[in-house]
Amino acid sequence: DVKVTQSSRYLVKRTGEKVFLECVQDMDHENMFWYRQDPGLGLRLIYFSYDVKMKEKGDIPEGYSVSREKKERFSLILESASTNQTSMYLCASRPTGGRGYTFGSGTRLTVV
Amino acid sequence: KQEVTQIPAALSVPEGENLVLNCSFTDSAIYNLQWFRQDPGKGLTSLLLIQSSQREQTSGRLNASLDKSSGRSTLYIAASQPGDSATYLCAVIHAGGTSYGKLTFGQGTILTVHP
């Protein structure tokens with residue numbers, strides 16, 4: 001089975017801190033995605049990547065950046081964390097060519 | 001713009017009932033449709049993936065159907081159990097244009113199965 005592993009289940013960070021959320025997949029998928037999930041707003045796409053060193057903005061990229069130096073790893077970076085970035089963050093991967101998405105177990109980030 | 005709607009928003013049933021969750025989408029140009037389950041505070045678990053050329057998929061007590069032309073999918077759960085309690089999310093994978101390969105989610109159906 002494909003596994004998508006998010007390094008932290010829970011994180012608490014202070015306003016203004018630089019925050020790194022890490023995601024690793026073990027099935028050589030080309031495509032990786034970062035979503036955030038908020039009550040009443042559903043899942044929203046932050047950034048995605050179709051290949052190593054490639055990145056594309058999703059629907060809500062403001063305040064975030066990403067890094068994909070290796071195929072298996074996709075990092076989400078909060079340059080200066082703010083309280084409105086308190087959320088559940090979900091990483092996903094998908095192979096090119098017709099298969100579905102596999103999601104990680106999520107990181108609950110609280111910014112205080 | 002693709003919109004995905006799930007009905008009902010919440011459902012509470014006694015154990016043992018068969019039930020149907022509904023999903024509709026506005027743009028039939030989809031690549032695949034995927035049903036997920038989410039437990040509180042957890043990530044998404046894939047239940048079934050239906051390719052656009054398929055009509056249905058089955059896994060155990062779950063059966064999902066797809067009618068692309070009418071923009072509808074249903075998830076059928078047979079003989080429901082308390083362990084089925086979760087939020088069920090429907091998502092379409094876009095077929096073309098600048099949204100190729102991206103997901104659009106419905107808002108989910110919160111299912112409670114009581115003993």
- prompt: Cut-off 3.5 Å, side chains only: do Trp35(B) and Ser73(B) have a donor facing an acceptor?
  reply: yes
- prompt: Would you call the rings of Phe48(A) and Tyr50(A) parallel, tilted or perpendicular, where under 30° means parallel and over 60° means perpendicular?
  reply: perpendicular
message: Just verifying a value: how many Å separate Leu49(B) CG and Leu66(B) CG, rounded to the nearest 0.5 Å?
response: 10.0 Å
Note: Lys1(B)-Asp27(B) ion pair, threshold 4.0 Å (strictly below): no
- request: Assess the pair Phe33(A) and Tyr101(A): is the distance between their ring centroids shorter than 6.0 Å?
  value: yes
- request: Please look at Leu33(B) and chain A and tell me whether the side chain, the backbone, both or neither of the residue comes under 4.5 angstrom of a heavy atom of that chain.
  value: neither
- prompt: Is any NZ, NE, NH1 or NH2 atom of the basic residue among Lys53(A) and Asp51(A) found under 4.0 Å from an Asp or Glu carboxylate oxygen of the other?
  reply: no
query: Would you call the rings of Phe105(B) and Phe36(B) parallel, tilted or perpendicular if under 30° counts as parallel and over 60° as perpendicular?
result: tilted
task: Go through the atoms of Arg44(A) and report whether side chain, backbone, both or neither lie under 4.5 Å from a heavy atom of chain B.
output: neither
statement: One option among Arg108(A), Gln37(A), Gln6(A) has the most heavy-atom pairs under 4.5 Å with chain B, and it is Gln37(A)
- prompt: Should Gln25(A) and Thr5(A) be marked as a side chain to side chain contact (heavy atoms under 4.5 Å, CB included) after you check the CA-CA gap, both sets of side-chain angles, and the distance that decides it?
  reply: CA-CA 6 Å; Gln25(A) 50 96 2; Thr5(A) 302; over 6 Å; no
message: Which atoms of Glu56(A) are under 4.5 Å from chain B, going by heavy atoms: the side chain, the backbone, both sets, or neither?
response: neither
- prompt: For chain B, which residues from residues 73-91 of chain A have at least one heavy atom closer than 4.5 Å to it?
  reply: Met88(A), Leu90(A)
